[in-house]
Amino acid sequence: MLTVCHLYPDLLNLYGDRGNVMAFVRRCRWRNIPVQVKEVNIGETLDFAEVDFLFLGGGSDREQTLLNKDLTSRTAGLREAIEDGLVLLAICGGYQMLGRYYRTHEGEEIPGLGILDLYTEAGARRLIGNVAVEMLLDNITVKVTGFENHSGQTFLGDVSPLGKVLAGFGNNGRDKQEGARYKNVFCSYLHGPLLPKNTVLADYLITLAMRRRGISGDLQPLEDALEERANAVMLERLLKNTG
Amino acid sequence: MGLRLSIAIMAGKVTAIVSRIMGWKGSSLPGLVARKIYPRVLEELGKQPRLGVVIVTGTNGKTTTNNMLACMVSGSGYKILLNSEGANLITGVTAGFIKAASIKGKTNCDYALLEVDEASFPRVVNEVMPKVVIVTNFFRDQLDRYGELDTTISFVQKSLNGLMGNKKVTDQGVQLVLNADDPLVAQFQRKTGWPAVYYGLSGSGRVFSAGSYSREAKFCPFCGEALIYAYYHYSQLGLYNCPGCSYRRPDPDVEVSHLQSLPDGTDCLVRYSGGSTMLHIPTGGFYNVYNALAAFTAGQLLKLDPAQAAAALRQFSPAIGRMERFSYRGKPVMLNLVKNPTGFNESLSAVLSVPGQKDLFIAINDNDADGRDISWLWDVDFEILEDNHQSFGSFICSGQRAEEMAVRLKYAGVPGEKIFVAGDLGQAISRVLEGQGSFVYLLSTYTALWPVQKILLNQAEKGELDAHRMSSVS
C-alpha cells in the first residue's frame, strides 16, 4: 500500500494543484497498485516516515503566512524523511518554502525551512505563461509542459535544476533553469497541473516511491494517448512561437 | 468643453458603425476612441442619469443581474441606459453611454445600470458616482490576470472606502446591496462604512455541501479564525459564523425561500420589509436565484413596486450563453458560459438535475478573455461524473484546449470510450447534436461562446423564450 499525503490541501491548492495528487493516485489504481490518500491540515499529526509521496502545492501570500508556524514545527521530521528518499513534489509556493529564504520587495527576508540550498527574491514583474521544460528522468529525455505564475525568482545553490527551459521563464527568467531536484525531491514552478499531462514524470515518481518500498520492476504501461496529445499540442504551440 | 464632448461622442458613434460593418465584436472600441479624444467623456455623461447610477460588480452573475434589474426598472416605466453584456471594463462602460447619448451630449435617461468588472471598478467609480452598488460574490477567477482573490476584493473595498471622502457623494451617499451568504461580500458594510441592504437564501432553500475544493473563504476576514458553517448553498455561500469574533452571516433584509425547480425556470417566495411575493425566474440554474434576488433587492432600494418588479422579471430572457435555449429536431439544447470553478460546478449540477440521457459538449479556449491559465479545470468537481456518467451518452471536448479538457474528464473517472476530442467547433457541435441522448448541454468559455452560438443558430432553432429576448443596449 502506497500512502500519498497532500499537505495543507485547504491552504496550498491555488492552481488546481490537487490534480497532481489525482494523477498519482489514478495512475496507481489503474495498475491495481493499492494506494491511500491522507490530507493533513494545520495542527494535525503526520509521521513523514509513513508517507511514500508527499505533495506541497502553492498558495497565496496570506495562506502561506497562516501555515508557516505549523510547517516550521515539522521541519526536522521532513528533513529526515527527505534524506531517507521520500518522494516529494513541491510546486510554486511549496517549492519556495523548502529553500533558505524569500526576500520581499522591501528587502525583508522571510526564512524558509532551509532544507534545500536555494533562495527566492521578489521580482519586478510576475512571470506568467505557458512553459516547456526539458528534463532527464532515469536517462530518458522528456519534454514537460505547464503554466507558471510567480513573482518570486528562485536561484539555486548546491542543488540541481529539474530541467532546462525551452519556452517560458522558469526559476528566474535569466538562467534558463526550471525547478530543483535533490534526492527524490522535485520542485517546480509549473502548475497546470504538472502530472496529468506529463505522464512520464508521474510514472517516474510512482516508480521511485515503489523502489523506496522495496518493490522493483517496471510499471505496467497505460493507454496514454489523450495525455500525450495534450502535451504535444502545447509543445507544438510553444516551440513554434519561440522559433 | 461642449465641442470636444460632441466630437468624442461622434467619433465613438462612427467607430461603432464601422465596427458593426466590419463584423467586429468589439463593443468597447467606441469607448476607447472617445476617451482618447476627450478623457472626461464618461465623467460628463455619467452624471446625467436623472435618478442615479447603479453598478453591479462581483465575480459571477454581473451580466444576468444587471439585465434582470433592467427588466424590472424599465418594466416599472423608467428610461434606462446599459452597457452591453461583457463590455464591463471602463471602455465598455463609456461605450454604453455614448450609444445612448445625442450628438449634443445628452443621454436622456432615468437610470444608468452598469455591470463593472471588479478590477475596473476603482476606475469607473472614480468617474461615475454610483447611487447603489450591488456586489454579487467573490470567487477565484482568471488568476493570471488579476493575481490573487484578496487583491481583487481589496480593489473594490478600497475604492468604496475612497468614496467616503469624495465631495460628490455627501448628500445622497452610496447604498450597498450585499450578498449575506458570501462572507467575502458581507464584510463590505463593516469594512467600508456605507449602509447596506442584505439579500440571502433561507436554509430551506437548498443545502449542498459539494464543491469544498473551490471554497474561497475558509477564514474570517476580520480575525483570521476558521469560519464555522451550519450549511453551504454552494462554494463558500451559506450560513457561517466566526468563533473568534462576532462576525456572522447578517440577517437578510430580503430573503428567498420555498424554491421550486420547474422545466422553464424556478419559482420561489421572496420576503422583503413590508411583505412578500412570488417570483418566477424564467431561467434555470440555482445561481440565477441569487442573481434575481440581487436585482430585486436593488429594485427595492429604487422604490420599485414589488409586484410590478416580479411581473417584469417574467419577461426576462437570458443573454447569450447564459442558459440560452435552442432546440434541435425537437430536442432541447442549452448553452451556458463557464469561466471559473464555482460557475462550472453549478452548471454541472444543473445538467445532472435534468432527468434522462444527455450529451455534453465542453469548449475550452485560453485566449486573454478566457484566462490563459486553464488550471482551474482541476478545481472543478468533475469527480461528480464518476458516479453519474451513466446518464451521459458522450462527452465532446472542443476548443483550443480540447485535449486537456478530455484529460481532466479521464482523471475524474469518466470512462475513456465516452470521451471524444474534436478541436473544430463545427464538427464537435454536429456530433453532440446527433448524440443519442434526449437533451444536449453545451458549456463554453468566453471566446468560444459567440462562434458556438453562431454555429448553433445555423443548425438548431432558438428556444421560444428568446422571442422576448431583451437587447442589452438601447
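Labels below follow one simple rule: chain letters A, B, ... track the order of the sequence lines, proteins then strands, and each chain is numbered from 1.
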Engineer: Where on A:Arg229 is there a heavy atom nearer than 4.5 Å to chain B: the side chain, the backbone, both, or neither?
Structural biologist: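 Its backbone and side chain both get close to chain B.
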Engineer: Given side chains that start at C-beta, do those of A:Arg18 and B:Asp379 come closer than 4.5 Å, heavy atoms only?
Structural biologist: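 Yes - at least one pair of side-chain heavy atoms lies under 4.5 Å apart.
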Engineer: For each of B:Ile374, B:Ile419, B:Leu377, B:Asp366, tally heavy-atom pairs with chain A at distances under 4.5 Å, and name the one with the top tally.
Structural biologist: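 Among B:Ile374, B:Ile419, B:Leu377, B:Asp366, the one with the most close pairs to chain A is B:Asp366.
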Engineer: Would you say B:Met405 and A:Leu226 make side-chain contact, with heavy atoms under 4.5 Å?
Structural biologist: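 No, too far: nothing below the 4.5 Å cut-off.
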Engineer: Does atom NZ of B:Lys418 have more than 12 heavy-atom neighbours from other groups under 6.0 Å away?
Structural biologist: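 More than 12 within 6.0 Å, yes.
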Engineer: Side chain, backbone, both or neither: which part of B:Ala412 has a heavy atom under 4.5 Å from chain A?
Structural biologist: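 The backbone, not the side chain.
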Engineer: Using the test salt bridge (Lys or Arg N to Asp or Glu O under 4.0 Å), find all partners of B:Lys410 that sit at least two apart in sequence or belong to another chain.
Structural biologist: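 Expected list: A:Glu227.
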Engineer: Quick check: under 4.5 Å, non-hydrogen atoms only, which of residues 239-249 of chain B neighbour chain A?
Structural biologist: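 Near chain A, by residue number: none.
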Engineer: More than 12 heavy atoms of other residues, nucleotides or ligands under 6.0 Å from NZ of A:Lys164: yes or no?
Structural biologist: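 No, not enclosed.
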Engineer: Test B:Glu404 against A:Thr145 for side chain to side chain contact (heavy atoms under 4.5 Å, CB included), laying out the working first.
Structural biologist: CA-CA 12 Å; B:Glu404 289 195 42; A:Thr145 59; 5.7 Å; no
Engineer: Do A:Met22 and B:Arg408 have side chains that approach each other closer than 4.5 Å (heavy atoms only, starting at C-beta)?
Structural biologist: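 Answer yes - side chains close enough.
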Engineer: From A:Phe24 CZ over to B:Tyr411 OH, what is the distance, rounded to the nearest 0.5 angstrom?
Structural biologist: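 So the CZ of A:Phe24 and the OH of B:Tyr411 are separated by 12.5 Å.
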Engineer: Count the heavy atoms belonging to other residues, nucleotides or ligands that lie under 6.0 Å from CZ of B:Arg123, then report whether that count exceeds 12.
Structural biologist: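 No, the 6.0 Å shell around CZ holds no more than 12 heavy atoms from other groups.
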Engineer: What residues, two or more places apart in sequence or in another chain, satisfy side chain to side chain contact (heavy atoms under 4.5 Å, CB included) together with A:Glu109?
Structural biologist: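 Partners of A:Glu109 under the side chain to side chain contact (heavy atoms under 4.5 Å, CB included) test: A:Tyr101, A:Arg103.
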Engineer: With side chain to side chain contact (heavy atoms under 4.5 Å, CB included) as the criterion, how do A:Met234 and B:Glu403 come out once you've worked through the C-alpha distance, each side chain's angles and the decisive distance to 0.1 Å?
Structural biologist: CA-CA 10 Å; A:Met234 183 45 73; B:Glu403 292 81 6; over 6 Å; no
Engineer: Using the side chain to side chain contact (heavy atoms under 4.5 Å, CB included) criterion, which residues pair with A:Arg31? Sequence neighbours excluded.
Structural biologist: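 Partners of A:Arg31 under the side chain to side chain contact (heavy atoms under 4.5 Å, CB included) test: A:Arg27, A:Ile33, A:Asp203, A:Ile206, A:Leu219, A:Gln220, A:Leu222.
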Engineer: How many angstroms lie between atom CG of B:Asp373 and atom CD1 of A:Ile128, to the nearest 0.5 angstrom?
Structural biologist: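 Separation between the atoms: 9.0 Å.
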Engineer: Sort out for me which of A:Glu148, A:Lys197, A:Arg29 touches chain B most, counting heavy-atom pairs under 4.5 Å.
Structural biologist: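 Heavy-atom pairs under 4.5 Å are most numerous for A:Lys197.
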Engineer: Below 4.5 Å, heavy atoms only, C-beta onward: do A:Phe147 and B:Arg372 meet side chain to side chain?
Structural biologist: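 Touching, per the 4.5 Å side-chain cut-off.
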Engineer: Quick one: pull up CH2 in B:Trp378 and CG in A:Asp17 and give me the separation to the nearest 0.5 Å.
Structural biologist: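 So the gap between those two atoms works out to 12.0 Å.
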